[in-house]
Number of protein chains: 2
Amino acid sequence: MTVYSKKKSQDNMDIISVAIVEDNHDIRTAMELLINGSDGYACIGAFNNAETAVEQIPSLLPNVVLMDFNLPGGMNGIECIARLKGEYPDMHFMMLTVYEDDDKIFQALEAGASGYILKKTPPSELLSAIRDLHEGGSPMSSQIARRVVAYFQKQAKPNPALEALTSREKEILDQLSKGFLYKEIASNLFISIETVRRHVHNIYEKLHVRSRTDAVNKYYNR
Amino acid sequence: MTVYSKKKSQDNMDIISVAIVEDNHDIRTAMELLINGSDGYACIGAFNNAETAVEQIPSLLPNVVLMDFNLPGGMNGIECIARLKGEYPDMHFMMLTVYEDDDKIFQALEAGASGYILKKTPPSELLSAIRDLHEGGSPMSSQIARRVVAYFQKQAKPNPALEALTSREKEILDQLSKGFLYKEIASNLFISIETVRRHVHNIYEKLHVRSRTDAVNKYYNR
DNA sequence: TGTAAGATAACATAAACGTGGTATAATTAC
DNA sequence: GTAATTATACCACGTTTATGTTATCTTACA
């Protein structure tokens with residue numbers, strides 16, 4: 001059996017294959033030229049719309065895809081990533097954007113983008129970001145990182161309405177959230193089922209809800 | 001009324017006040033010397049344990065706190081951040097760590113840390129990370145950013161068990177998750193309550209659960 | 001054209017939940 | 001040292017949810 005080695009650049013690094021999805025002709029061409037003109041990188045596809053990209057990329061299987069947000073036609077960059085990422089989980093996607101404060105950051109990340117950089121990023125940095133992404137990093141500016149961290153922290157912090165609960169009530173609510181029956185909660189906490197009822201009743205009053213599901217939704221800040 | 005201007009460095013930048021919480025004497029002293037020896041930065045406190053830090057930092061009110069993970073005594077760096085961040089939400093915390101692959105990243109972020117860098121970070125980078133943090137960024141390596149993004153994506157993607165549900169069943173489950181009564185769901189979807197029952201029953205069978213709360217927990221990937 | 005899957009609907013029964021009232025220790029706060 | 005809070009407990013009643021069985025109609029598809 002013959003083992004073929006991967007293409008190597010002059011520096012003996014693996015060549016990173018890149019595809020570009022960007023409707024602006026000038027930007028697309030400039031990136032294509034940059035990538036093909038740089039040792040260790042090869043642009044193996046460039047598309048001006050998401051539909052063609054979704055159709056062609058499965059036969060090209062690039063290591064990295066650079067994706068614009070807004071694309072002509074029915075599909076935007078986020079949906080394009082979602083479709084491809086579902087089929088090819090190991091493919092790495094880098095979102096290209098004009099603004100750092102775009103709320104679509106989160107949609108892009110949820111869809112499967114791992115890197116997130118500005119279009120105005122200097123050529124050398126774009127190349128190193130591509131390599132970084134290929135090697136398992138998530139290149140992004142610290143401004144964008146802060147927004148991701150803030151989102152993370154927001155999800156983590158509990159609803160302030162829960163502070164009105166006593167510690168025992170929080171304990172009961174936690175059991176409720178896990179789906180235990182009253183009798184199971186009673187046995188888990190070594191109290192009578194009637195006491196569980198009473199606690200639940202008090203919890204509902206404090207949270208202004210009338211069902212377990214509503215209480216649990218408040219517990220999880222929804 | 002006299003207005004006092006903030007201290008300015010030679011470059012006319014505001015001076016960033018920094019506190020350090022780190023039990024290793026050599027590292028702590030080295031950082032203190034670096035910060036005090038650099039124009040635009042001032043180390044206004046250095047502590048070798050969390051308890052003293054929690055006690056003293058409120059009277060110092062530094063712009064930025066550099067925090068070690070492991071500290072002697074009962075309190076670790078994460079709890080120290082949580083306590084202080086609760087009282088001073090505008091204070092910025094930078095986690096100092098030896099390893100990038102620490103699972104405590106997420107605990108630190110939840111507690112309120114915004115930056116996350118390695119102890120071996122070169123002096124000049126440490127200083128720019130401090131400034132970056134002070135100015136609203138979240139300095140972190142792209143390796144750490146990837147882990148945060150991955151965590152984010154994991155939370156976002158729905159439980160694959162839900163794919164066994166028909167679209168109508170997903171609709172019902174969504175209504176269940178919002179806490180609607182069967183009769184409300186029936187009226188919202190213009191079907192009889194008996195049909196709601198049937199759908200719920202089928203959903204439970206497919207998800208292998210026996211209660212609304214368990215179904216909703218699966219719906220939200222918990 | 002027949003069959004499988006999905007959405008619709010009804011009925012019966014039992015289990016679980018939600019609401020109201022009442023009460024008693026124990027602890028905490030003032 | 002008294003008042004307020006918290007955790008505990010019981011009962012009664014009505015509502016909601018969960019399970020089991022059966023049946024009709026439509027759509028997809030082989």
Side-chain angles (χ1 to χ4, degrees), chain A residues 83 86-87 158-222, chain B residues 54-55 58 74 83 86-87 158-222:
Chain A
R83 296 250 201 123
E87 289 289 310
N159 190 323
L162 301 184
E163 284 168 24
L165 302 181
T166 68
S167 62
R168 192 57 157 174
E169 284 165 353
K170 285 180 196 162
E171 215 170 339
I172 302 273
L173 179 53
D174 186 69
Q175 297 268 312
L176 284 178
S177 77
K178 294 187 168 73
F180 289 117
L181 303 178
Y182 287 4
K183 58 177 147 185
E184 291 172 326
I185 297 174
S187 122
N188 290 345
L189 302 184
F190 307 107
I191 53 179
S192 112
I193 193 172
E194 295 299 331
T195 306
V196 174
R197 273 188 209 289
R198 168 86 353 228
H199 282 306
V200 171
H201 191 257
N202 293 338
I203 290 166
Y204 287 5
E205 275 197 342
K206 287 183 181 177
L207 299 185
H208 307 294
V209 299
R210 315 174 60 78
S211 74
R212 177 193 287 238
T213 306
D214 286 343
V216 172
N217 280 341
K218 290 220 168 182
Y219 183 59
Y220 285 119
N221 211 4
R222 255 189 276 278
Chain B
V54 166
E55 188 187 314
R83 295 251 201 124
E87 289 289 310
N159 191 322
L162 301 184
E163 284 167 27
L165 303 182
T166 69
S167 61
R168 193 57 159 173
E169 285 164 354
K170 285 179 195 163
E171 215 170 339
I172 302 272
L173 178 53
D174 186 69
Q175 297 268 312
L176 283 178
S177 77
K178 294 186 168 72
F180 289 117
L181 301 178
Y182 287 3
K183 58 175 140 183
E184 291 172 326
I185 298 174
S187 126
N188 291 344
L189 303 183
F190 307 106
I191 53 179
S192 109
I193 195 173
E194 294 301 329
T195 307
V196 175
R197 278 188 212 288
R198 172 106 309 260
H199 282 306
V200 172
H201 188 256
N202 291 338
I203 290 167
Y204 287 4
E205 273 196 344
K206 287 183 181 177
L207 299 185
H208 307 295
V209 299
R210 313 175 63 78
S211 73
R212 178 193 286 237
T213 306
D214 286 343
V216 173
N217 280 340
K218 290 220 168 183
Y219 184 60
Y220 286 122
N221 210 7
R222 274 195 292 262

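Per chain, numbering begins at 1; letters A, B, ... match sequence-line order.
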List the atom of [X], the atom of [Y], and the distance in Å for their closest heavy-atom pair.
X: A:Phe180; Y: A:Arg212; answer: O-NH2, 2.7 Å
X: B:Tyr204; Y: B:Ser211; answer: OH-C, 3.4 Å
X: B:Asn217; Y: A:Tyr220; answer: OD1-CE1, 4.4 Å

Whole angstroms only, please: what is the [atom1]-[atom2] distance between [X] and [N]?
X: B:Leu189; N: C:dT8; atom1: CG; atom2: P; result: 8 Å
X: B:Leu181; N: C:dG18; atom1: CG; atom2: C1'; result: 11 Å
X: B:Leu173; N: C:dA7; atom1: CG; atom2: P; result: 13 Å
X: B:Arg210; N: C:dC17; atom1: CZ; atom2: P; result: 13 Å
X: A:Ile193; N: C:dA16; atom1: CD1; atom2: C1'; result: 8 Å
X: A:Arg212; N: C:dT19; atom1: CZ; atom2: P; result: 13 Å
X: A:Glu184; N: C:dA15; atom1: CD; atom2: P; result: 15 Å
X: A:Ile191; N: C:dA25; atom1: CD1; atom2: C1'; result: 15 Å

What residues form a side chain to side chain donor-acceptor pair (under 3.5 Å) with B:Arg168, not counting sequence neighbours?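 Residues passing side chain to side chain donor-acceptor pair (under 3.5 Å) with B:Arg168: B:Glu171.
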
Taking the basic N atoms (NZ, or NE/NH1/NH2) and the acidic carboxylate oxygens, is any pair closer than 4.0 Å for B:Asp174 and B:Lys178? yes

Within the structure provided, determine whether [X] and [Y] are in side-chain contact (heavy-atom separation under 4.5 Å).
X: B:Tyr219; Y: B:Lys170; result: no
X: A:Ile185; Y: A:Leu176; result: yes
X: A:Leu173; Y: A:Leu162; result: yes

Is any side-chain N or O of A:Tyr182 closer than 4.0 Å to OP1 or OP2 of C:dG18?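 So the side chain of A:Tyr182 is within the cut-off, an N or O lying under 4.0 Å from OP1 or OP2 of C:dG18.
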
Sugar-phosphate only, base, or nothing, as touched by B:Thr195 at under 4.0 Å among non-hydrogen atoms: base

First-last contacting nucleotides on DNA chain D - partner chain A, under 4.0 angstrom, heavy atom: D:dT6 to D:dC11

Using a cut-off of under 3.5 Å, enumerate the N/O to N/O pairs linking the protein to nucleotides 20-22 of chain C.
from	atom 1	to	atom 2	distance (Å)
C:dG21	O6	A:Arg198	NH2	3.3

